[in-house]
Amino acid sequence: MTRAVLVLNAGSSSIKFALYGAEHLDVLCRGQIDGIGGTPRFVAKGARAARLTETLALPETATHETLTAWLLETLRARLDDVTISAAGHRVVHGGARFVAPVCIDDAVMGELDSLVSLAPLHEPHNLATIRAVAKAWSQLPQVACFDTQFHRTQPRLAQLFALPQELTDDGVLRYGFHGLSYEYIAGVLPQHVGPRADGRVIVAHLGNGASMCALKERRSVASTMGFTALDGLMMGTRSGALDPGVVLHLLQHKRMSPDEVSSLLYNKSGLLGVSGISADVRKLEASDDPRAAEALDLFAYRAARELGSLVAVLGGLDVLVFTAGIGEHSAGVRRRICEPSAWAGVVLDLVANERGGPRISSPRSQVDVLVIPTDEEVVIARATRQQV
Ligand code: ADP
């Protein structure tokens with residue numbers, strides 16, 4: 001029997017999973033169920049994936065909860081030489097309370113429930129998945145790993161809003177997200193740039209959700225995301241940073257309800273809203289519609305501006321890393337962000353950029369620019385193995 005750690009990462013319409021051998025954290029298989037809410041699809045890859053996908057039918061009307069139960073049953077039935085000894089979860093918001101991975105019990109679940117309103121797009125699905133595992137395998141140790149935990153090293157000023165003290169005391173702070181991804185990049189960075197990894201580093205995590213993190217000594221010192229995952233960069237369907245007066249205008253003068261504003265800012269803005277075409281960079285890059293070009297231009301403009309603000313925090317820049325779906329795959333977006341960042345010492349090697357790196361900076365560049373694929377799941381697997 002192979003002992004394994006199961007990692008679950010539930011998003012708004014998908015559940016990603018990965019199964020690691022508990023001893024060496026080798027990947028046994030990984031995959032995802034996507035299209036939740038519409039027609040769910042299951043894909044798996046890795047050494048044991050064939051046994052999972054052969055003649056497999058997904059439940060038709062399915063929620064995160066029922067699909068998690070289905071996934072567990074499928075893993076149990078089809079991988080009969082594997083014993084799952086623990087499950088680790090990505091939980092988007094840990095609030096002020098959770099600064100490190102934690103073993104989940106009823107008390108922890110109660111505290112996590114109170115954080116749902118801070119990440120309405122993600123947290124309910126994270127918790128539904130944890131509950132489904134507890135229901136199916138009540139004895140299985142479960143560990144929550146937080147996207148916010150990596151940022152708890154930030155200095156107080158980086159976490160404060162200019163709001164009255166009572167709100168700060170009540171936890172209205174800049175938390176930052178994508179921390180599991182940043183933790184992974186911080187871990188592998190010395191392999192790419194040696195001791196410069198401990199210098200002034202910016203990591204651009206550009207996926208459907210997008211943020212940037214400034215690191216010194218491989219710890220977070222500032223990030224573009226704030227109280228919720230809505231702040232900072234323009235994203236696939238999220239607006240990113242917005243004059244708060246716009247929200248007041250929508251509520252007071254456009255008579256939109258809070259739910260309508262929430263849906264607008266989380267689901268209908270960003271690349272999708274500006275282009276009116278798609279949230280997917282691949283589709284926008286393939287389009288000759290000027291609105292697609294404008295959406296991509298705005299995405300890069302906002303990113304280059306935010307990059308500038310993080311360079312100011314760091315007092316200069318030694319290393320710039322691109323990661324996640326867009327960061328790893330779109331040479332065009334990387335170029336559009338790097339070209340206006342020449343003032344900070346960024347010079348791209350255009351051929352290496354088209355090839356996708358890992359090193360995409362020119363030898364004349366003062367800044368090492370890299371493309372590094374992220375791996376949030378392995379960070380969760382390590383933490384889970386350590387906790388149980
Ligand atoms: P998530 O935040 O859901 O984990 P990902 O990091 O997987 O998202 O990023 C998904 C996005 O990456 C897609 O919506 C698309 O915009 C972009 N993307 C993926 N592959 C490519 C590609 N080959 N070229 C350009 N963009 C890509």
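Computation of the quantities below employed the complete heavy-atom set of this structure, encompassing side-chain atoms and omitting hydrogens, waters and symmetry-equivalent molecules. One-based numbering, in listed order, for ligands and for the atoms of each.
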Residues 136-146 side chain polar contacts: donor-acceptor under 3.5 Å, at least two apart:
| unit_1 | atom_1 | unit_2 | atom_2 | d |
| --- | --- | --- | --- | --- |
| Gln142 | OE1 | His89 | NE2 | 2.5 |
| Gln142 | NE2 | Ile130 | O | 3.1 |

Heteroatom distance test (Lys16, ligand 1): nitrogen or oxygen, under 3.5 angstrom: yes

Check: Gly325 N/O within less than 3.5 Å of ligand 1 N/O: yes

Residues Lys16, Glu377: salt bridge by 4.0 Å N-O rule: no

Residue and atom name of the nearest protein heavy atom (relative to atom 16 (O) of ligand 1), distance in Å to one decimal: Val281 N, 2.9 Å

Any Gly236 heavy atom less than 4.0 Å from ligand 1: no

Which residue and heavy atom of the protein sit nearest atom 24 (N) of ligand 1, plus the separation: Arg282 CG, 3.4 Å

Proximity to ligand 1 by part of His205, non-hydrogen separation under 4.0 Å: neither

Top protein contact for atom 17 (C) of ligand 1, by heavy-atom distance: Ile326 CG1, 3.5 Å

Protein heavy atom at shortest distance from atom 2 (O) of ligand 1: Asn208 N, 3.2 Å

Thr323 side chain vs Thr374 backbone, donor-acceptor pair below 3.5 Å: yes

Side chain His122, main chain Ala229, donor-acceptor under 3.5 Å: no

Sub-6.0 Å ring centroid separation between His151 and Tyr182: yes

Protein heavy atom at shortest distance from atom 22 (C) of ligand 1: His329 CB, 3.2 Å

For Gly209, atoms of ligand 1 separated by under 4.0 Å from a heavy atom: 2 (O)

Option passing side chain to side chain donor-acceptor pair (under 3.5 Å) with Ser330 (candidates Arg335, Glu285, Arg282): Glu285

Remaining members of hydrophobic cluster (4.5 Å side-chain criterion), Leu264: Leu121, Leu230, Leu242, Val246, Val247, Leu250, Leu251, Met256, Val261, Leu265, Tyr266

Heavy-atom nearest neighbour in the protein, as seen from atom 15 (C) of ligand 1, with distance rounded to 0.1 Å: Asp280 OD1, 3.3 Å

Centroid separation His178 to Phe150 less than 6.0 Å: no

